[in-house]
Amino acid sequence: MDIFISILQRDGTQALLEKVVSEQPDEFACAKHLGELKWESDFEVALINKKGNEKYLVAIEH
């Protein structure tokens, strides 16, 4: 199972779709990666795992 970050523009068009995690096809294996989604800057968003010790960063081109 893959986890993607999709960033949409205000009009609903997709600006970016990027795979950040690939895991076994099991909801419990993937759930550990789903903690917080946080904007790090105007052009970077991070997926932080449940424990808070791993971060998957995605940057959009500007």
Can you tell me how far NZ of K55 sits from CD of E44, rounded to the nearest 0.5 angstrom?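 One gets 9.0 Å once the value is rounded to the nearest 0.5 Å.
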Say you draw a straight line from CH2 of W39 to CD1 of I7; how long is it, rounded to the nearest 0.5 Å? 4.5 Å
Where I5 and L47 come nearest, the two heavy atoms and their spacing: CD1-CB, 4.0 Å
Please tell me whether V58 and F43 are part of a single hydrophobic cluster in this structure, the criterion being side-chain heavy atoms less than 4.5 Å apart.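 Per the 4.5 Å side-chain linkage, V58 and F43 are co-clustered.
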Under 4.5 Å between side-chain heavy atoms, counting indirect links through other Ile/Leu/Val/Met/Phe/Trp/Tyr residues: same cluster for I60 and I3 or not? yes
side-chain hydrogen bond (donor to acceptor under 3.5 Å, both in side chains) contacts in which one or both residues fall within residues 6-20, not counting sequence neighbours: S6-Q14, D11-T13
Looking at L37, L16, L57, V20, which one forms a side-chain contact (heavy atoms from CB on, under 4.5 Å) with V45? L37
State whether K50 and E36 are salt-bridged, where the test is any N-O pair (Lys NZ or Arg NE/NH1/NH2 against Asp/Glu carboxylate O) under 4.0 Å.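 No, this pair does not count.
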I'd like to know if the side chain of N49 reaches the main chain of E54, judged simply by a donor and an acceptor atom lying under 3.5 Å from each other, with no hydrogens or angles considered. yes
Starting from F4, walk the hydrophobic network (Ile, Leu, Val, Met, Phe, Trp, Tyr; side-chain heavy atoms closer than 4.5 Å) and list everyone else you reach, by chain and number.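 F4 clusters with L17.
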